[in-house]
Amino acid sequence: MVRIVITGATGQLGSELQMLLRNVGEKECFFLDRKQLPLDQIHLIQDILAMYQPDLIIHAGAYTAVDKAESEPEMANLVNHVASEEIAQYCRIHGAKLIAISTDYVFDGTSAVPLAEDAPTAPINVYGQTKLAGEQAIQKWCPEAIIIRTSWVYSAYGNNFVKTMCRLMAQRDEINVIDDQVGSPTYAKDLAVAILKIADAADWKSGIYHYSNEGKISWYDFAVAIRDFRSFDCQVKPIPSTAYPTAAQRPKYSLLDKTKIKSTFDVAVPNWKLSLTNMLAAYLSAEDE
Ligand SMILES: NC(=O)c1ccc[n+]([C@@H]2O[C@H](COP(=O)([O-])OP(=O)(O)OC[C@H]3O[C@@H](n4cnc5c(N)ncnc54)[C@H](OP(=O)(O)O)[C@@H]3O)[C@@H](O)[C@H]2O)c1
């Protein structure tokens with residue numbers, strides 16, 4: 001039976017993986033949360049992983065507080081870079097496979113065309129720098145690893161833009177949302193389905209891959225779609241990023257080119273609007289229970 005360790009088990013992606021892997025007979029899965037695998041306790045990581053003897057590690061855990069990372073660069077680096085390096089070393093030593101998740105924030109946002117995997121990286125915030133350092137360490141120690149960069153992740157689990165919008169729109173008559181950052185959101189469930197298809201693929205093809213939902217939108221477009229789906233009586237006003245200063249700078253253009261992951265693994269990449277509909281339906285039915 002294949003033994004799989006999933007890091008970041010309580011996060012958005014970790015939670016979606018848990019739901020999909022429930023009752024899957026032929027896999028023995030170990031979902032490790034912060035207590036079971038503290039990614040900032042580097043000296044413990046190898047020994048903890050050895051207890052589970054995984055054939056595959058899906059590394060979904062990360063320091064994802066993008067603004068806070070600006071004032072906690074050491075912690076962000078420890079979790080996103082050094083812990084990823086340690087996990088890659090474990091995989092190298094023990095011959096385990098590794099699928100690690102990275103981010104569109106490794107790019108600076110100046111591209112005018114969808115970003116392919118070999119587009120030049122140049123992160124403009126601490127989170128992006130630490131995730132890129134993590135990617136590079138993984139590739140150095142475990143060249144057989146698969147790294148999947150994704151963007152604007154949301155889910156019925158955890159905190160994210162969609163859930164924040166639903167909460168604010170229920171309370172307010174008007175809301176301002178940035179319209180000069182474009183990309184594509186990613187429903188974590190779609191990403192989880194893609195990861196499991198890749199894990200099950202007959203051919204393991206190492207390297208970096210891009211995955212998000214299909215389509216190109218701004219945060220403003222995303223907010224309007226959420227408002228319309230939920231029929232909130234709330235006006236959504238477009239504003240420039242300059243009117244909403246944050247500790248971390250964000251790339252203006254984050255659209256990932258998904259050609260490689262589709263042609264290599266034949267994974268589904270649903271349109272963002274369909275996925276938003278699916279997520280909101282799952283979220284609302286969970287709220288009703
Ligand atoms: N969220 C996005 O918009 C986005 C965009 C692009 C790429 N990504 C990448 O996608 C992957 C999955 O992200 P996500 O959205 O699922 O993130 P998430 O919901 O923030 O989950 C991150 C997970 O990492 C865990 N974690 C953080 N610090 C830890 C530590 N010191 N020790 C152990 N566990 C720790 C968290 O534990 P707690 O629950 O206990 O905090 C949580 O389970 C990550 O690699 C992320 O960098 C995310």
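We count ligands from 1, going down the list as the structure has it; atoms in each ligand are counted the same way. From a predicted model like this one, the values you see are computed outputs, not experimental measurements.
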**OP:** Show your working on ring-ring contact (aromatic ring centres under 6.0 Å, His included) between W219 and F161 and close with a plain yes or no.
**Re:** CA-CA 9 Å; W219 290 108; F161 181 82; 4.7 Å; yes
**OP:** Return the set of residues passing salt bridge (charged side-chain N to carboxylate O under 4.0 Å, His left out) with K262 (not counting sequence neighbours), or none when no residue passes.
**Re:** E214
Subject >> D190/N213 under side-chain hydrogen bond (donor to acceptor under 3.5 Å, both in side chains): CA gap, chis, key distance, verdict >> reply: CA-CA 8 Å; D190 295 337; N213 284 122; 2.9 Å; yes
**OP:** Check ligand 1 against K131 and write out every atom of the ligand that is under 4.0 Å from a heavy-atom position of the residue.
**Re:** 44 (C), 45 (O), 46 (C), 47 (O)
Subject >> Closest protein heavy atom (residue, atom, distance) for atom 19 (O) of ligand 1 >> reply: Q12 N, 2.9 Å
Original post:
Which heavy atom of the protein is the closest neighbour of atom 10 (O) of ligand 1, given with residue, atom name and distance?
Top reply: I101 CG2, 3.3 Å
Original post:
Tell me, which protein residue and heavy-atom name are nearest atom 47 (O) of ligand 1, and how many Å apart are they?
Top reply: Y127 OH, 2.6 Å
Original post:
Hey, quick one: are L276 and L168 part of the same hydrophobic cluster, counting side-chain heavy atoms closer than 4.5 Å, chains of contacts allowed?
Top reply: yes
**OP:** Examine ligand 1 and decide if any of its atoms is less than 4.0 Å from a heavy atom belonging to A60.
**Re:** yes
**OP:** Indicate yes or no: does K260 engage E117 in a salt bridge with an N to O separation below 4.0 Å.
**Re:** no
**OP:** Ignoring angles and geometry beyond distance, decide whether S151 reaches within less than 3.5 Å of ligand 1 through its nitrogen or oxygen atoms.
**Re:** no
Original post:
In ligand 1, which numbered atoms sit nearer than 4.0 Å to a non-hydrogen atom of P38?
Top reply: 32 (N)
Subject >> For atom 21 (O) of ligand 1, the option (of A83, G11, A76) bearing the nearest heavy atom >> reply: G11
Original post:
Identify the closest protein heavy atom to atom 36 (C) of ligand 1: which residue and atom is it, and at what distance?
Top reply: R34 NH2, 4.3 Å
**OP:** Can you sort out which atoms of ligand 1 are near L37, meaning under 4.0 Å from one of its heavy atoms?
**Re:** 32 (N), 33 (C)
**OP:** Distance to 0.1 Å, residue and atom name: give those for the protein heavy atom nearest to atom 32 (N) of ligand 1.
**Re:** L39 N, 2.9 Å
**OP:** Would you please test R149 and E135 for salt bridge (Lys or Arg N to Asp or Glu O under 4.0 Å) and show each step?
**Re:** CA-CA 10 Å; R149 295 189 187 127; E135 283 187 9; 2.7 Å; yes
Subject >> Those atoms of ligand 1 less than 4.0 Å from some heavy atom in T10 >> reply: 37 (O), 38 (P), 39 (O), 40 (O), 43 (O)
Subject >> Between OG on residue S184 and NZ on residue K258, distance to nearest 0.5 Å >> reply: 5.0 Å
Subject >> Test item: H81 side-chain N/O and A137 main-chain N/O as donor-acceptor pair under 3.5 Å >> reply: no
Original post:
Tell me, which protein residue and heavy-atom name are nearest atom 26 (N) of ligand 1, and how many Å apart are they?
Top reply: A62 O, 3.7 Å
**OP:** Tell me, yes or no, whether the heavy-atom count around K197 atom NZ, taken from other residues, nucleotides or ligands under 6.0 Å, exceeds 12.
**Re:** yes
**OP:** Under 4.0 Å from a heavy atom of T64: give me the atoms of ligand 1 that qualify, with their elements.
**Re:** 17 (O), 18 (P), 20 (O), 46 (C), 47 (O)
Original post:
Does at least one non-hydrogen atom of S102 fall below 4.0 angstrom from an atom of ligand 1?
Top reply: yes
Subject >> Protein heavy-atom partner closest to atom 23 (C) of ligand 1 - residue, atom, separation in Å >> reply: G8 CA, 3.8 Å
**OP:** Check which hydrophobic residues are tied to I45 through side-chain heavy-atom contacts below 4.5 Å, counting indirect links as well, and list them.
**Re:** V5, F30, L32, L37, L39, I42, L44, I48, L49, M51, Y52, I57, Y63, M75, L78, V79, V82, I87, Y90, L98, I138, I147, I208
Original post:
Which atoms from ligand 1 have a heavy atom of V79 less than 4.0 Å away?
Top reply: 31 (N)
**OP:** If you have a sec, work out which protein heavy atom is nearest atom 3 (O) of ligand 1 and how many Å separate them, to one decimal?
**Re:** V153 N, 3.0 Å
Original post:
Strictly under 4.0 Å, does any heavy atom of Y105 approach an atom of ligand 1?
Top reply: no
Original post:
Salt-bridged, R250 to D104, with N to O below 4.0 Å?
Top reply: no
**OP:** Indicate yes or no for a side-chain donor-acceptor contact from T150 to the backbone of Y211 under 3.5 Å, with no hydrogens or angles considered.
**Re:** yes
